[in-house]
Enquirer: 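Okay, here's the structure, questions in a sec.
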Amino acid sequence: MTRIQRIRQKILDRAYYLSSHAEAEILDDRLERRDIENAILKGRIQRKLSEDIRGVRYRIEGPTEDGRVIHVICRFQENAFLIIVTAYALTEEL
């Protein structure tokens, strides 16, 4: 299973959670949980971020339900859950 497939499976299984920072950013950019899920399910890993002592993070670029482009930063936790570290819009609301 590829890394993106593994991340997508966590979304489908609801084996993920949003950090408090992600929740704040999502509100600021007028995003919803389904936008985060859509971006992960339809997007691609744009970059692997490996210079963090807490572990490898993945930056996924994908579309929201209304067509905006967002980045979602996530990482796997030791407990096998996926944590959404942050998410932000790259394009303005349509």
Side-chain angles (χ1 to χ4, degrees):
M1 185 178 287
T2 66
R3 192 68 62 194
I4 191 67
Q5 289 172 327
R6 202 169 146 220
I7 292 169
R8 288 175 177 156
Q9 193 60 54
K10 294 295 181 186
I11 297 300
L12 294 171
D13 293 344
R14 299 270 188 228
Y16 75 96
Y17 62 95
L18 302 172
S19 72
S20 58
H21 178 74
E23 288 178 352
E25 289 297 317
I26 287 167
L27 285 174
D28 285 348
D29 286 357
R30 294 188 175 119
L31 299 170
E32 297 192 26
R33 184 178 288 259
R34 68 178 187 256
D35 291 319
I36 305 309
E37 293 172 352
N38 194 69
I40 291 172
L41 294 174
K42 294 182 179 174
R44 65 180 177 84
I45 294 177
Q46 184 199 41
R47 190 163 185 198
K48 179 179 176 181
L49 307 162
S50 59
E51 295 185 18
D52 188 328
I53 60 171
R54 295 170 289 182
V56 175
R57 296 172 296 148
Y58 300 92
R59 182 167 65 200
I60 297 170
E61 186 174 292
T64 61
E65 288 191 333
D66 66 6
R68 290 180 289 160
V69 178
I70 65 172
H71 277 169
V72 178
I73 310 293
C74 61
R75 86 167 83 237
F76 291 101
Q77 294 289 97
E78 290 178 16
N79 62 8
F81 276 84
L82 181 72
I83 180 170
I84 307 300
V85 177
T86 193
Y88 50 90
L90 298 175
T91 56
E92 295 297 318
E93 197 167 359
L94 299 176

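Throughout, numbering of the chain's residues begins at 1 and tracks the sequence.
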Enquirer: Rounded to the nearest 0.5 Å, what's the gap from CG on Asp29 to OH on Tyr88? Could you check?
Expert: 10.0 Å

Enquirer: Determine, using the 4.5 Å side-chain heavy-atom cutoff (strictly less than), whether Ile83 and Tyr16 are members of one ILVMFWY cluster.
Expert: no

Enquirer: I need the Arg33 CZ to Tyr17 OH distance, nearest 0.5 Å.
Expert: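 Arg33 CZ to Tyr17 OH: 12.0 Å, rounded to 0.5 Å.
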
Enquirer: What closest approach, in Å, do Glu25 and Ala87 show between heavy atoms, and which atom pair accounts for it?
Expert: CB-O, 3.2 Å

Enquirer: Checking Tyr58 against Arg3: is there a side-chain donor and acceptor pair closer than 3.5 Å?
Expert: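 Checked: Arg3/Tyr58 side chains pair up, N/O donor to acceptor below 3.5 Å.
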
Enquirer: For Val56 and Leu49: C-alpha separation, side-chain torsions, deciding distance, then whether side-chain contact (heavy atoms from CB on, under 4.5 Å) applies.
Expert: CA-CA 6 Å; Val56 175; Leu49 307 162; over 6 Å; no

Enquirer: I need the Asp35 CG to Ile40 CD1 distance, nearest 0.5 Å.
Expert: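 The distance works out to 11.5 Å.
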
Enquirer: Roughly how far, to the nearest 0.5 Å, is CG of Leu12 from CG of Leu41?
Expert: 5.0 Å

Enquirer: Any non-hydrogen side-chain atom of Leu31 less than 4.5 Å from a side-chain atom of Thr64?
Expert: yes

Enquirer: Among the clusters formed by ILVMFWY side chains lying less than 4.5 Å apart, do Val85 and Ile70 turn up in the same one?
Expert: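 Cluster IDs for Val85 and Ile70 differ.
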
Enquirer: Is there a side-chain contact (heavy atoms from CB on, under 4.5 Å) between Val72 and Arg59? Walk through the geometry before answering.
Expert: CA-CA 6 Å; Val72 178; Arg59 182 167 65 200; over 6 Å; no

Enquirer: Nearest 0.5 angstrom please: Gln46 CD to Ile73 CD1, how far?
Expert: 8.5 Å

Enquirer: Kindly state each residue pair satisfying salt bridge (Lys or Arg N to Asp or Glu O under 4.0 Å) with at least one member in residues 5-23, sequence neighbours excluded.
Expert: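 Applying salt bridge (Lys or Arg N to Asp or Glu O under 4.0 Å) to every pair that reaches into residues 5-23, excluding sequence neighbours, yields Arg14-Glu37.
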
Enquirer: Quick check: do His71 and Leu90 have side-chain heavy atoms less than 4.5 Å from each other?
Expert: yes

Enquirer: Between atom CD1 of Ile45 and atom CD1 of Ile4, what is the distance when rounded to the nearest 0.5 Å?
Expert: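 Here the interatomic distance stands at 4.5 Å.
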
Enquirer: With a 4.5 Å heavy-atom cut-off, do Ile60 and Cys74 have their side chains touching?
Expert: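 When only atoms from C-beta onward are counted, Cys74 and Ile60 do touch, with a gap below 4.5 Å.
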
